[in-house]
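First comes the structure, then the notes that go with it.
Each chain gets a letter, A, B and so on, in the order the sequences are listed, and its residues count up from 1. Every heavy atom of this structure was used, including side-chain atoms; hydrogens, water molecules and symmetry mates were not. Just so we're clear, the structure is a prediction, and the values are computed from it rather than from any experiment.
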Amino acid sequence: MSAQCINDVYHFLLERYGPQGWWPLISVPGTNPTKSGAIQGYHPGDFSFPRNENQRFEICVGAILTQNTNWLNVEKALINLQEKNNLSCQSLLSLADQVLCELIKPSGYYNQKAKKLRVFAEYYCKQNGATPTRADLLSLWGIGPETADSILLYAYQQPYFVVDAYTRRLFTSLSIIDDNENYESIRQRFESALVKDWRVYQEYHALIVEHAKHYYSKKPWGQGCPVAAAV
DNA sequence: AACCAGGACGTGA
DNA sequence: TCACGTCATGGT
């Protein structure tokens with residue numbers, strides 16, 4: 001029952017909004033002007049990213065910086081880092097704390113995030129290109145379940161479904177998940193309902209965010225949400 | 001001018 | 001386990 005609903009919602013959102021082209025990369029020129037505020041970086045229908053280690057690292061950094069933060073602010077921080085040629089694990093580690101904080105300041109929580117980035121960059125460099133395990137990522141200070149899954153799904157094309165606040169709001173409102181259901185439970189229910197395809201996981205999560213930005217940002221959540229009526 | 005954003009951690013029940 | 005305070009900037 002709920003498994004079918006999860007698939008129904010996916011197809012509904014895909015038809016309504018079209019492919020979203022996540023994860024955005026500031027180095028990708030394919031702009032999507034329909035994305036509010038974003039300068040560039042979305043690549044709808046193109047699942048060939050990341051294409052190199054720099055892009056992969058950029059996704060990881062973005063996943064950390066976007067914690068409880070508007071993507072527009074993250075983008076400013078990423079551009080600052082890129083302009084200083086510090087969007088690689090080695091160059092990031094070479095920065096002084098004060099400099100790093102200044103560069104990522106627009107993304108907020110800059111003291112915490114500077115530390116998180118440093119911890120992650122150290123791990124990333126040591127990996128030397130190897131795909132991290134989920135347990136490894138979760139053991140790092142500053143990497144929680146959502147950030148770990150975002151990194152695995154978008155930077156490494158691993159089939160882990162990303163559960164964020166919007167996912168909870170939408171599917172709680174649809175009575176498909178429970179209000180107090182924990183992260184792991186929700187993730188596993190999505191993963192068992194869907195075909196095990198990282199492309200689908202990527203697209204679905206991006207669609208949920210796009211949809212929720214319209215209907216689940218301001219309270220009361222879900223006002224006028226067309227999914228509730230359709231499913 | 002409040003309210004919110006693609007969370008995680010530390011603490012105390 | 002789990003609820004709650006903390007972390008901070010910038011957009012609408």
Side-chain angles (χ1 to χ4, degrees), chain A residues 13 17 19-26 32 34-39 41-44 49 58-81 97-98 100-120 123 134-155 160-172 177-187 190 201-223:
Chain A
L13 295 178
Y17 299 104
Q20 297 300 296
W22 278 36
W23 188 279
L25 286 153
I26 61 177
N32 184 346
T34 67
K35 285 284 177 273
S36 55
I39 295 172
Y42 295 94
H43 40 87
F49 297 95
E58 179 189 330
I59 293 171
C60 298
V61 170
I64 292 170
L65 292 182
T66 198
Q67 290 172 0
N68 199 37
T69 300
N70 191 306
W71 182 256
L72 208 55
N73 290 4
V74 176
E75 205 171 44
K76 297 177 195 304
L78 288 174
I79 288 169
N80 286 345
L81 289 170
D97 279 332
Q98 190 182 348
L100 181 55
C101 284
E102 196 59 35
L103 293 174
I104 67 171
K105 198 165 192 172
S107 70
Y109 309 117
Y110 54 85
N111 287 309
Q112 288 192 349
K113 284 176 178 175
K115 182 180 172 186
K116 292 177 182 181
L117 288 181
R118 207 175 285 284
V119 169
F120 178 79
Y123 171 79
R134 189 168 193 266
D136 265 5
L137 291 175
L138 290 176
S139 74
L140 301 177
W141 188 88
I143 308 290
E146 185 188 335
T147 307
D149 291 335
S150 293
I151 288 172
L152 289 166
L153 179 59
Y154 289 103
Y160 292 89
F161 196 85
V162 176
V163 179
D164 65 359
Y166 285 145
T167 309
R168 288 177 176 279
R169 288 180 198 173
L170 172 56
F171 289 90
T172 298
I177 67 175
D178 224 10
D179 207 11
N180 55 0
E181 199 165 337
N182 66 41
Y183 185 98
E184 289 305 311
S185 170
I186 298 173
R187 178 173 70 84
F190 274 82
Y201 290 11
Q202 288 190 356
E203 196 65 77
Y204 200 174
H205 173 241
L207 285 165
I208 289 168
V209 173
E210 178 63 20
H211 177 71
K213 279 179 178 171
H214 292 297
Y215 298 99
Y216 292 86
S217 279
K218 41 188 183 298
K219 294 181 179 179
W221 295 328
Q223 289 299 305

Legend entry - Partners passing side-chain contact (heavy atoms from CB on, under 4.5 Å) against A:A77 (at least two apart in sequence or in another chain): A:L65, A:I104, A:S107
Inset, instruction - For A:Y17, check ring-ring contact (aromatic ring centres under 6.0 Å, His included) against everything at least two apart and list the hits. - result: A:H211, A:H214
Inset, instruction - Take A:L138 and A:H205, find for each the nucleotide of DNA chain B with the closest heavy atom, and name the residue whose nucleotide sits nearer the 5' end. - result: A:H205
Legend entry - Residues that A:D164 engages under side-chain contact (heavy atoms from CB on, under 4.5 Å), provided they are two or more places apart: A:E146, A:Y166, A:T167, A:H205, A:V209
Legend entry - Among B:dG6, B:dC4, B:dA8, the nucleotide that comes nearest once only the side chain of A:T147 is considered: B:dA8
Inset, instruction - Taking only the side-chain nitrogens and oxygens of A:K113, find out if one of them lies under 4.0 Å from OP1 or OP2 of B:dG7. - result: no
Inset, instruction - Go through the structure and list residues passing side chain to side chain donor-acceptor pair (under 3.5 Å) with A:E102, not counting sequence neighbours. - result: none
Inset, instruction - Compare all side-chain heavy atoms of A:Y216 with those of A:R168 and state whether any distance is below 4.5 angstrom. - result: no
Inset, instruction - Identify whether any heavy atom of A:I143 sits under 4.0 Å from a base atom; if not, whether one sits that close to sugar-phosphate; answer base, sugar-phosphate or nothing. - result: sugar-phosphate
Legend entry - A:F171 and A:F190 aromatic ring geometry - parallel, tilted or perpendicular at 30°/60° bounds: perpendicular
Inset, instruction - Might you confirm whether atom CG of A:N180 has over 12 heavy atoms from other residues, nucleotides or ligands at distances under 6.0 Å? - result: yes
Inset, instruction - Taking Watson-Crick and G-U wobble pairs with both distances under 3.5 Å, convert DNA chain B into its dot-bracket string, 5' to 3', dots for unpaired and | for cross-strand pairs. - result: ..|||.|||||||
Inset, instruction - Sequence neighbours left out, what passes side chain to side chain donor-acceptor pair (under 3.5 Å) with A:K76? Give chain and number order. - result: none
Inset, instruction - May I have the distance from A:I151 (atom CD1) to B:dG6 (atom C1'), rounded to whole angstrom? - result: 13 Å
Inset, instruction - Starting from P on B:dA5, measure out to NZ on A:K213 and report it in whole angstrom. - result: 10 Å
Protein and nucleotides 10-13 of chain B: nitrogen or oxygen contacts under 3.5 angstrom:
| unit_1 | atom_1 | unit_2 | atom_2 | d |
| --- | --- | --- | --- | --- |
| B:dG10 | OP1 | A:W141 | NE1 | 3.1 |

Inset, instruction - In whole angstrom, give me the gap between the P atoms of C:dA8 and B:dA1. - result: 25 Å
Inset, instruction - Please list residues of residues 164-171 of chain A whose heavy atoms come under 4.0 Å from any atom in DNA chain B, ordered by number; otherwise none. - result: A:D164, A:A165, A:Y166, A:R169
Legend entry - Contact list for residues 104-117 of chain A, test salt bridge (charged side-chain N to carboxylate O under 4.0 Å, His left out), sequence neighbours left out: none
Legend entry - Out of B:dG7, B:dG6, B:dA5, whichever nucleotide has its closest atom nearest the side chain of A:Q67: B:dG7
Legend entry - Nearest-neighbour nucleotide for the A:P106 side chain, B:dG6, C:dG10, B:dG7 considered: C:dG10
Legend entry - Within-4.5 Å side-chain heavy-atom neighbours: A:L13 and A:Y204: yes
Legend entry - Between C1' of B:dG6 and OH of A:Y17, the distance in whole Å: 15 Å
Inset, instruction - Measure the acute angle between the ring planes of A:F161 and A:Y201, then classify it against the limits of 30° and 60° as parallel, tilted or perpendicular. - result: perpendicular
Inset, instruction - May I ask you to check whether over 12 heavy atoms, not counting those of A:E184, lie within 6.0 Å of atom CD? - result: yes
Inset, instruction - Using whole Å, report how far OH of A:Y183 lies from C1' of C:dT1. - result: 19 Å
Please write out each protein N/O paired with an N/O of nucleotides 5-7 of chain C under 3.5 Å, distance rounded to 0.1 Å.
| unit_1 | atom_1 | unit_2 | atom_2 | d |
| --- | --- | --- | --- | --- |
| C:dC7 | O2 | A:Q112 | OE1 | 3.3 |

Legend entry - Distance in angstrom units between A:E181 CD and C:dA3 P, rounded: 14 Å
Legend entry - C1' atoms of C:dC7 and B:dA5, separation to the nearest Å: 14 Å
Legend entry - side chain to side chain donor-acceptor pair (under 3.5 Å) partners for A:D178, two or more places apart: none
Inset, instruction - Looking at every strand, decide which applies to A:G144 at a 4.0 Å heavy-atom threshold: base, sugar-phosphate, or nothing. - result: sugar-phosphate
Inset, instruction - Round to a whole Å and report the spacing from CG of A:L72 to C1' of B:dA5. - result: 11 Å
Inset, instruction - Nearest whole angstrom, please: distance from the P of B:dG7 to the CG of A:L137. - result: 17 Å
Inset, instruction - Return no unless some side-chain N or O of A:T69 is found under 4.0 Å from OP1 or OP2 of C:dA8. - result: no
Legend entry - Candidate pair A:D149 and A:R134, rule side-chain contact (heavy atoms from CB on, under 4.5 Å), full reasoning: CA-CA 7 Å; A:D149 291 335; A:R134 189 168 193 266; 2.7 Å; yes
Inset, instruction - Would you indicate what A:L140 reaches in the nucleic acid, counting non-hydrogen atoms under 4.0 angstrom: base, sugar-phosphate, or nothing? - result: sugar-phosphate
Inset, instruction - Can you tell me the distance, in whole Å, between the CZ atom of A:F120 and the C1' atom of B:dG7? - result: 16 Å
Inset, instruction - For A:R169, check side chain to side chain donor-acceptor pair (under 3.5 Å) against everything at least two apart and list the hits. - result: none
Legend entry - Gap in Å between the two P atoms, one belonging to B:dC3 and one to C:dG5, rounded: 16 Å
